[in-house]
Amino acid sequence: MLLGTRIKEKPPHFQSSEKIFVFNFKTGHETNVLTAPILIPMQGSINDLHGRLMLLHTLPYFVESDLKKSLYQFIDEETKNNYDKEAEAALEKLKSSDWNTEQLVNAWAKAYHETTLEYARPEEPSWDEDFADVYHDLIHSPASETLLNLEHNYFVRVSELISERDMELKKLQERQSVEMDKVMQELGKTLTDQDVNSVAAQHFDSQQVLENKWASELKQLMTIQKQEYQEWVIKLHQDMQNPNNNTVSEEIKVKQSQSTVANERVFEERSLLEESFTIHLGAQLKTMHNLRLVRADVLDFCKHKRNQQSGVKLQRLQTALSLYSTSLCGLVLLVDNRINSYSGIKRDFATVCQECTDFHFPRVEQQLQIVQQVVLYASAQRNKKLKERAELSNGNGGNEDKSKTGERNPSNILPGEFYTTRHSNLSEVHVVFHLCVDDNVRSSNITARDPAIMGLRNILKVCCTHDITTITIPLLLVHDMSEEMTIPWCLKRAELVFKCVKGFMMEMASWDGGTSRTVQFLVPQTISEEMFYQLSNMLPQIFRVSSTLTLTSKR
């Protein structure tokens, strides 16, 4: 019996040649021959090739070990022969050419030094890494309160500047409103529609100039504060390393600012509803996790809490302590497919980020610019692969894919995709996951394969690989309630997200080895208390909640 198959494995560098693998075996009195053309050198797995040959030709079990041994021997010999031929051809080409031998040797030596770890230069630590180590040491030392007081002083200055900006913009808008009322009264008498449009354009230009002026001042102030803060932190750390320095105790006594902010921009404190649960997940080795159901605004986890007794004050010591640790906090923010901060929740989030200088990471605008560049590069690579695939395919399928690709804006992301931003100036969050969703999340017929749900799975996987142990997830996949979100809609959506997140958390055990985590399910602030407690009763029915035991002694 003659068996034949064709195995193609494309090598990355060397010129491949096809060799015929022949394997003889007997079944009873019958002699069988297996032939398989294989491209040498082979870059795939020989074990996989062996398994495919056994399965494809339903070979008897007793030839498995002989086939594997013969296959390994054949590929090893043919690969050596192929490399020998390549080397001999290269040497013959070198002998017959006019290349300078000394230059060639130098080029080989340089390539060897650059690709061999033994000769590699040690990586020099960057400024960000040095500052991170210094800050981590100081925030866990008696100087931690001093650092927070200094950050508070800078925060007060930024708040004063923002208040001045808001006041000037408000005055400009009031003045422009009065002017527009006068113009509208003269419309049809001494002024025409063109005059009204001209005045409106002037008002818009004036407002843009004023906003740009304040944005420039705010950016400059934050840049100066960041530089001063980092230099002061480095100097303080150096002084603390010297045990004979008596000025350290005086240096860390930074007087807390007593300045008050005019027209203080106090955030409204709303009633907070929350329920906490402890669960155990896993088949054999169970892992304990903490779950919280919270009714709040999503930006409440980013805004700095205001204390009426001490004015404006940062309440984020725990966040600062865990900034460079293995216990980071993350937040899922639902956004559209455009990477900017011009409208909606993205603009509100950017406004909160501007409340305080970020002393460790780039400004959110700079991070979004980097994300935009990465998205453009990824889109170009994706379109290139789709184009190559369409050229290889036959029929209309390739043309349809090409037309669909052409309609998509390369600077936008798809639903289910997300990008991250890092922050040290938010109250309870270190990492924000900007998850792209579309209007489909408002429908009642989404499934576990919806892009938004799969995006949550990928976010949880990133949390496992990047030491994010606390993550806040919008339970209903929306930040605001609308008319179509009835009680049955909310219950159905919550059940779907609960079950999916439970499955994803059970997958975590294989991702990170079973690390205990805290997952916060966030519902919109406008949801009713009745609806909140219905969701609270649903959670322990889906998750396995740990029950307490009451021990009593018998009398």
Side-chain angles (χ1 to χ4, degrees), residues 267-279 289-303 305 329-336 344-346 348-349 352 418 426-429 432-448 450-453 455-457 459-460 463 468 470-505 517-543 545:
F267 296 113
E268 181 183 357
E269 293 290 340
R270 300 181 179 179
S271 58
L272 179 67
L273 280 179
E274 64 177 85
E275 291 282 348
S276 299
F277 305 87
T278 301
I279 65 170
H289 301 278
N290 297 317
L291 302 182
R292 295 180 65 206
L293 181 64
V294 184
R295 187 187 74 171
D297 186 85
V298 64
L299 295 182
D300 288 345
F301 295 90
C302 305
K303 299 174 182 176
K305 303 300 185 293
C329 299
L331 171 70
V332 178
L333 190 68
L334 305 177
V335 298
D336 56 31
I345 190 70
K346 296 184 295 185
D348 296 337
F349 173 73
V352 173
F418 64 91
L426 303 182
S427 60
E428 303 177 35
V429 176
V432 176
F433 297 92
H434 304 256
L435 176 61
C436 176
V437 295
D438 54 12
D439 293 336
N440 188 46
V441 296
R442 297 184 175 272
S443 65
S444 59
N445 55 356
I446 70 170
T447 65
D450 188 83
I453 298 293
L456 289 180
R457 178 184 181 274
I459 288 174
L460 289 176
C463 292
I468 300 174
T470 300
I471 182 67
T472 302
I473 299 174
L475 177 60
L476 304 180
L477 299 181
V478 293
H479 291 315
D480 300 304
M481 302 296 292
S482 57
E483 295 180 356
E484 71 271 12
M485 299 176 188
T486 59
I487 292 180
W489 185 95
C490 294
L491 293 176
K492 181 179 179 181
R493 176 61 57 82
E495 182 181 8
L496 173 65
V497 175
F498 277 147
K499 290 182 177 179
C500 291
V501 171
K502 178 183 178 181
F504 301 154
M505 293 177 67
R517 300 185 182 277
T518 299
V519 178
Q520 300 185 131
F521 295 101
L522 180 68
V523 295
Q525 181 73 46
T526 54
I527 203 170
S528 63
E529 290 190 18
E530 179 184 0
M531 185 72 254
F532 176 84
Y533 288 115
Q534 288 189 45
L535 299 177
S536 176
N537 294 331
M538 178 189 297
L539 191 148
Q541 298 175 6
I542 297 176
F543 293 88
V545 178

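Without hydrogens or angle criteria, S276 side chain to R292 main chain gives no donor-acceptor distance under 3.5 Å. One N or O on the side chain of R493 and one on the backbone of L476 form a donor-acceptor pair closer than 3.5 Å. A donor-acceptor pair under 3.5 Å is formed between the side chain of H479 and the backbone N or O of L334. Checking side-chain atoms of S427 against main-chain N and O of F301 turns up a donor-acceptor pair under 3.5 Å. At least one donor-acceptor pair closer than 3.5 Å links the side chain of K492 to the backbone N or O of S444.
Between L460 and R517 the shortest side-chain heavy-atom distance does not fall below 4.5 Å. Residues D336 and K346 have side chains in contact (heavy-atom distance under 4.5 Å, counting atoms from C-beta outward). In this structure the side chain of L477 reaches within 4.5 angstrom of the side chain of L456, judged on heavy atoms. Side-chain atoms of M531 and V523, non-hydrogen and from C-beta on, never get closer than 4.5 Å to each other. The closest side-chain heavy-atom distance from M485 to T526 is not below 4.5 Å. Looking at V298 and V332, their side chains never come closer than 4.5 Å, going by heavy atoms from C-beta outward.
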- Might you work through the side-chain hydrogen bond (donor to acceptor under 3.5 Å, both in side chains) test for E484 and S482, ending with a clear yes or no? CA-CA 6 Å; E484 71 271 12; S482 57; 2.8 Å; yes
- Apply the test ring-ring contact (aromatic ring centres under 6.0 Å, His included) to residues F543 and H289: give CA-CA distance (whole Å), side-chain angles for both, the deciding distance (0.1 Å), then the verdict. CA-CA 10 Å; F543 293 88; H289 301 278; 9.3 Å; no
- Given E529 and R295, is the side chain to side chain contact (heavy atoms under 4.5 Å, CB included) satisfied, shown in steps? CA-CA 9 Å; E529 290 190 18; R295 187 187 74 171; 3.7 Å; yes
- So E428 and T472, side chain to side chain contact (heavy atoms under 4.5 Å, CB included) or not? Walk me through it. CA-CA 10 Å; E428 303 177 35; T472 302; over 6 Å; no
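No more than 12 heavy-atom neighbours from other residues, nucleotides or ligands sit within 6.0 angstrom of CG on D439.
Taking CG of L539 as the reference point, atom CD of E495 lies at 12.0 Å (rounded to 0.5 Å). From F349, atom CZ reaches atom CG of L331 across 7.5 Å, with rounding to the nearest 0.5 Å. Taken to the nearest 0.5 Å, the SG atom of C490 stands 9.5 Å off from the CE atom of M538. With rounding to the nearest 0.5 angstrom, the CG atom of D348 is 9.5 Å from the CG atom of L333. In this structure, CG on L475 lies 8.0 Å from CD1 on I527, to the nearest 0.5 angstrom. To the nearest 0.5 angstrom, F521 atom CZ is 8.5 Å from L293 atom CG.
Closest approach of G330 and F433 over heavy atoms only: CA-CE1, 4.4 Å. Across L535 and F498, no two heavy atoms sit closer than the pair O-CE1, 4.0 Å. Of all the heavy atoms in K502 and I542, the pair that sits closest is NZ-O, 2.8 Å. Residues I453 and T447 share a closest heavy-atom pair of CG1-O, 3.7 Å. Of all heavy-atom pairs between L435 and G455, the closest is CD1-CA, 4.0 Å. Residues E275 and F532 approach most closely at CG-CE2, 3.9 Å, considering heavy atoms.
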